[in-house]
> 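I'd like to ask some things about the structure below.
Lettering of chains follows the sequences in order, A, B, ..., and the numbering in each one begins at 1.
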Amino acid sequence: MTAATIGGKAIVPARPERSAGVWATAWRRLRNDRVGMVSLAIVIAFVLLILASALGLVAKDWQKEIGVPNAPPTFVGARVEEVTKDPLASLVAKDAKPVDLSDIDPLAPKYKEWSERAAKIQIADPPRAQTLPFGADRLGRDVLSKAVKGAEISIFVGLFAAVVATLIGTVLGALAGYVGGKLGDFLEWVYNVFTSIPDILLIFAFAAVLGRGIGTVVMILGLAGWTGMYRQVRAEYIKHRTREYVRAAEAIGVSHAQRMFVHVLPNVSHVILVRMSLLVVGFIKAEVILSFLGLGVPVDQVSWGTMLSEAQAELVLGNWWQLAAATLFMAVFVTAFSLLTDALRDALDPKLR
Amino acid sequence: MGNLVSVRDLRVSFRLGKSHVVDAVRGISFDIPENSAVALVGESGSGKSVSAMSIVRLLPENAIVSADSRIEFGGRNLLTEPIEVLRDIRGKDITVVFQEPMSSLNPVFTVGDQIAEVLQLHRGLSRRQSMERVVELLNEVGIPDPRPRLASYPHELSGGQQQRVMIAMAIACEPKLLIADEPTTALDVTVQRQILELIANLRAKFKMSVLFISHDLALVGEIADQVVVMREGVVRENDSVVRIFSQPKDPYTLALLACRPRLDAKPRRLPVIDDFLSADGTTSLAPVVLAIAAEIRQARPPEPVPIVEARGLRKEYRLKTGLFARKQIDAVKDASFGLARGRTLGVVGESGSGKTTVGMLLMRLVQPTAGQVLFEGKDLLALSDAALMAYRRRIQIIFQNPYASLNPRFTVGQILTEPMRVHGIGDSDDERFAMAVALARRVGLPPDCIHKYPHEFSGGQRQRIAIARVLSMRPEVIICDESVSALDVSVQATVLNLLLDLQDEFAISYLFISHDLAVVKYMADDILVMSQGAIVERGPSEAIYEAPQHEYTKKLLAAIPRGFQRVPA
């Protein structure tokens, strides 16, 4: 390190202990928030779960039909086979001998041969479980594995769609708020067009054009959902644009782009972060609705939405576990995430004196 | 004459976080006699507002009042009375006028309705009766032609009129005690004078007591009978106003009186609190300090060639008032002046006089409608943005509010090195960092400040950071836009001393903009007086103060609080 001289004095600067930054203080405040920490733990658990699932460590075989169709959860117990009564039983004599038809049956000689051949080619059908930890769907697939795999897709879609929406909303919002003028008017116009169309119609329109697939769902939600973020970021930029610290940066000669993204952006980042986590929650629910309507993830994949969609038919038969599993996973995650968002908002409050 | 309110051993602390408790008031006692004015004086954080608000129990949720504290009023302890009793007392027997009239009035109700509400609540008057009374009250507080004013909304009134409305509301039920919490701090000096006179008149007329809270000892001297000087939650001195001003006993009181720039003398440097209070906070070093203060700064000879010259500078704002209608407002009308190297040009004026706009125009932070700014003969306003960069470095600005002008997400190191990086000063980041450390030391910041964030510093320290940031560009001209107005008086003195030292060391020219005439007088060689966008008077600072020519200048000078001088009631 070079020593500088100012006012004739040589100064060798030392680098003292770094002071706690805004994020470090926020973390300290978050740590004191019990609800926030529990929520954070749950969210982290979910993230680990979907990582494990994505790496194939858990729920790899979710498509295997390992239980009997609609096998109930273990804690409910195996379905009691109802003894179906033959409605004709009373009409037939109980000890009546079967009538021997072999002399008039032309195929009679082949029965033995056939049964021998059948015995030879008979495949070993793996024994199907009567019950599974959280039951099975109509094909006998494990609902728990489905829910884990579904979490992977749903959360992935929610997170990435939120990232896309945040990027679009932040960049456009920053431009509209900071630059204003003609560009601001134009972006307001785009915003108004987007918000004047009902969201679900917009989503349908994108879905119809783009075809099915996870990437599509992410794009659809991102393209349809940036407006709220845009509006809020724009408002923040309008507020900060005339603040004295931005004025001071201008006086120093800092360029527009630097002022927009180096000076103002960190000061509105807490707003963006909180808004983004709200978007994650919203998009997870939106993906569920999309899949429920058949516009979401492809048929060979599973998400909480497709599970709920299947559950619709099963519920009529009294098979509630698929619905319960998907709902439970979603409710826990969404609640934890929302509470975490709340705690984050408190922790990131920038009113630092 | 009995005591109206007796405060005994008041202790208030605030709970910040789970185990963090901060003591705001540490066991203070004082009395408010009947029909008298008591002033609580202190700097920010002294606990003066908390003490006053404890009387009506208008404290934040996280406040803890000690169980031993007593505030007696009419034979009752206000701290333990049920809230219903207190609610009855508030607005009727004890009323409050706050600092910011604009935010204390509800913007969606008319002035008439807001004052009438008090009467309907405490006097049980009907709407028509109360409106009659409101007209009388508005008359009382000096609002001209009050009847049509009943239907006005707060934003239609000026700041002074809003404060009059607040006072009308406070005296509506003829209270026994009026608590005025910095009632004139947000107002211009001439308006401050009027409000002060109004309060003095009303006090005499209604035979009520006033608890006046202020940071300004000189202002308090004009209105109070009894002065309580507070610091860090403790009463430093409690005495009659005569004795506080003639024979202050506490060194802190002495320091408060001495650190304000005086109009009649121009010492080399201003005494600061630390000069008066030694490390243990008790021993007085006053004689030494007064010797420092007695060292007079000589008037400097005029410098003929200006480094910056403004010619015919004009700024108009056009407001849309209808579909096609436009209203033109002249923020600055035809301002021409020159600023010499190493000299200070003061700009004084009240809010709306255009003094800040002049500073912004010089910096080209606001585009002028017409005029030129010549920097060593080169017109800054005609330069392209790229060409301007070279000059940006040489002419710089220090803003008013050090809480707002520093980016809260930057460390002090980042704040100080950024301008150097922008202007290519220094060869490497390490070198710039070293220069930042040296600068921080030069402006008197603690050496470990460089990795800290602005919120970890006090107001005065933050303004030092802002000064260091500006110095990092080695400017030749610095515009100080109300640069000490947001600071406590004692801190003001230290920052003013620093600015003077820097001027001597680096031959910097200052354009010193302020509403505070005493400060401008102390700092400036020459002064411009501005009113409604126009320069109404100019000249050497001594001449302006000794023989003001223009009516407006005379009015401004007459409005400066001069300490212990009675307001004619």
Side-chain angles (χ1 to χ4, degrees), chain A residues 1-26 28-29 31-34 239-256 258-259 261-270 346-353, chain B residues 17-18 360 363-365 385 388-390 392-393 395-413 415 418-419 422-423 426-428 430-439 441-442 447-456 466 469-473 479 505-506:
Chain A
M1 193 181 292
T2 44
T5 54
I6 281 188
K9 277 182 227 156
I11 286 121
V12 182
R15 287 191 186 247
E17 202 59 26
R18 253 170 207 286
S19 171
V22 179
W23 296 104
T25 7
R28 207 165 51 225
R29 256 175 291 176
R31 244 179 6 199
N32 283 330
D33 186 342
R34 195 172 301 152
K239 200 167 78 190
H240 280 266
R241 178 177 65 181
T242 51
R243 288 269 169 96
E244 271 189 2
Y245 75 89
V246 183
R247 270 289 163 85
E250 186 183 356
I252 287 166
V254 177
S255 69
H256 283 292
Q258 286 247 314
R259 264 179 270 158
F261 294 110
V262 179
H263 281 264
V264 180
L265 191 61
N267 282 291
V268 302
S269 58
H270 63 286
D346 292 346
L348 287 172
D349 192 348
K351 281 186 209 117
L352 297 161
R353 267 155 292 117
Chain B
K18 264 180 195 155
M360 293 290 186
M363 283 295 294
R364 230 173 100 172
L365 288 175
D385 281 352
L388 181 68
M389 276 297 274
R392 267 272 148 84
R393 186 182 68 70
I395 174 165
Q396 274 299 321
I397 187 165
I398 302 169
F399 290 94
Q400 167 172 8
N401 190 343
Y403 294 85
S405 63
L406 303 174
N407 191 335
R409 296 286 162 110
F410 278 25
T411 61
V412 173
I415 289 171
E418 187 190 30
V422 168
H423 291 285
D427 297 327
S428 65
D430 279 346
E431 190 181 335
R432 283 190 276 267
F433 184 81
M435 290 201 285
V437 172
L439 271 172
R441 177 179 300 193
R442 176 63 196 88
D448 63 340
C449 71
I450 216 82
H451 291 296
K452 288 190 173 167
Y453 288 85
H455 71 262
E456 298 172 74
R469 168 169 65 186
V470 163
L471 285 181
S472 69
M473 287 168 277
I479 299 165
E505 190 174 335
F506 301 109

> Please state whether the side chain, the backbone, both or neither of B:Ile397 comes within less than 4.5 Å of a heavy atom of chain A.
side chain
> Of the backbone (N, CA, C, O) and the side chain (C-beta and beyond), which part of B:Arg432 lies under 4.5 Å from a heavy atom of chain A, both, or neither?
neither
> Would A:His263 and B:Phe410 satisfy side chain to side chain contact (heavy atoms under 4.5 Å, CB included), going step by step from the backbone distance to the final call?
CA-CA 8 Å; A:His263 281 264; B:Phe410 278 25; 3.6 Å; yes
> Checking B:His423 side chain against A:Ile252 main chain: does a donor-acceptor pair fall under 3.5 Å?
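Indeed, once roles are kept as given, a pair shorter than 3.5 Å links the two residues.
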> Specify the closest pair of heavy atoms between A:Val262 and B:Asn407, including all atoms of both residues, with the distance to one decimal.
O-ND2, 4.4 Å
> Heavy-atom distance under 4.5 Å to chain B: side chain of A:Ser269, backbone, both or neither?
side chain
> Report the distance from atom CG of B:Leu365 to atom CZ of A:Arg247, rounding to the nearest 0.5 Å.
5.5 Å
> So, for A:Ala248 and B:Ser405, which heavy atoms are closest and what is the spacing to 0.1 Å?
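Answer, listing the atom of A:Ala248 first, then B:Ser405: CB-O, 3.8 Å.
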> Name the region of A:Val246, side chain, backbone, both or neither, that has any atom closer than 4.5 Å to a heavy atom of chain B.
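The answer is neither part of A:Val246.
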> To the nearest 0.5 Å, tell me how far B:Arg409 CZ sits from A:His270 NE2.
6.5 Å
> Could you check whether any side-chain N or O of B:Arg392 sits under 3.5 Å from a backbone N or O of A:Gly253, counting only pairs where one atom can act as donor and the other as acceptor?
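Such a contact is absent between B:Arg392 side chain and A:Gly253 backbone.
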> Please report the closest heavy-atom contact between B:Met363 and A:Ala251, naming both atoms and the distance.
CE-CB, 3.4 Å
